[in-house]
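Contents: one structure, followed by commentary.
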Amino acid sequence: MKPETISRIRNFTIDRDWDQFHSPANLAKSISIEANELLECFQWSDTDYDLEHVKEELADVIVYCQDMLDKLGLDVDEIVNAKMAKNEAKYPVEKAFGSAAKYDQL
């Protein structure tokens, strides 16, 4: 995410004095709630959905994720790359290519 976007998210929270409500538990709940609102966009059809609504709900998830990163003092690149290294080890290309099987079923 661009630094100016991250600053905008942070300033939105600061300007409203909402950090007091952003405990890790509250943010995790908010991420889950917004992710479910995103899922609701596809409730009755995998192909017939409102892209604008999807974008709004996806943005809500991303904003709360950035708030969680800030609250916990985490770096998005660091944690994503650490997780990708684990995923790459669990799902080697030669076993996982073209398969939806879980790593312990490969």
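Numbering of residues begins at 1 and proceeds along the displayed sequence.
The distance from the NE2 atom of H22 to the CE atom of M68 is 10.5 Å, given to the nearest 0.5 Å. The NZ atom of K95 lies 7.0 Å from the CG atom of L106; values are rounded to the nearest 0.5 Å. Once rounded to the nearest 0.5 Å, the distance linking OG1 of T5 with CZ of R10 reads 11.5 Å. The distance from the CG atom of D48 to the SG atom of C41 is 11.5 Å, given to the nearest 0.5 Å. Rounding to the nearest 0.5 Å gives a distance of 13.0 Å between OG of S7 and NZ of K2.
N36 and E40 share no donor-acceptor pair across their side chains, judged by distance under 3.5 Å alone. Checked by atom type, the side-chain pair N81/E78 shows no donor-acceptor distance below 3.5 Å.
Counting heavy atoms from C-beta on, the side chains of P24 and L72 come closer than 4.5 Å. A 4.5 Å side-chain heavy-atom check between V63 and D60 finds every atom pair outside the cut-off. Taking the side chain as every heavy atom from C-beta outward, D70 and Q66 approach each other to under 4.5 Å. The side-chain heavy atoms of I31 and D67, taken from C-beta on, include no pair separated by under 4.5 Å. For the pair I33/Y64, no side-chain contact is recorded, criterion being any heavy-atom separation below 4.5 Å from C-beta on.
When all heavy atoms of D75 and D77 are compared, the pair lying nearest together is OD2-N, 3.1 Å.
Linking Ile, Leu, Val, Met, Phe, Trp and Tyr whenever their side-chain heavy atoms come within less than 4.5 Å leaves I9 and W18 in two separate clusters. In the hydrophobic cluster analysis, where Ile, Leu, Val, Met, Phe, Trp and Tyr join through side-chain heavy atoms closer than 4.5 angstrom, L51 is grouped apart from W44.
Between the side chain of Y91 and the main chain of Y103, a donor-acceptor pair closer than 3.5 Å is present. Counting only distance, with no hydrogens or angles, the side chain of N26 and the backbone of F21 share a donor-acceptor pair below 3.5 Å. S32 places no side-chain N or O within 3.5 Å of a backbone atom of A28 that could act as its donor or acceptor partner.
By the 6.0 Å and 45° rule, R16 stacks over the aromatic ring of F12.
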Note to self: Apply side chain to side chain contact (heavy atoms under 4.5 Å, CB included) to residues E56 and L38 and explain how you reach the verdict.
What the structure shows: CA-CA 8 Å; E56 287 181 13; L38 175 60; over 6 Å; no
Next item on the list: Give the intermediate values and the outcome of side chain to side chain contact (heavy atoms under 4.5 Å, CB included) for residues M84 and V80.
Entry: CA-CA 6 Å; M84 289 305 300; V80 168; 4.1 Å; yes
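Using a cut-off of 4.0 Å between Lys/Arg side-chain N and Asp/Glu carboxylate O, K71 and D19 are scored as salt-bridged.
Around atom NZ of K86, no more than 12 heavy atoms belonging to other residues, nucleotides or ligands sit under 6.0 Å away. The local environment of CZ in F42 is crowded, with over 12 non-hydrogen atoms from other residues, nucleotides or ligands closer than 6.0 Å. Enclosure of atom CG in D104 by more than 12 non-hydrogen atoms of other residues, nucleotides or ligands within 6.0 angstrom is indicated.
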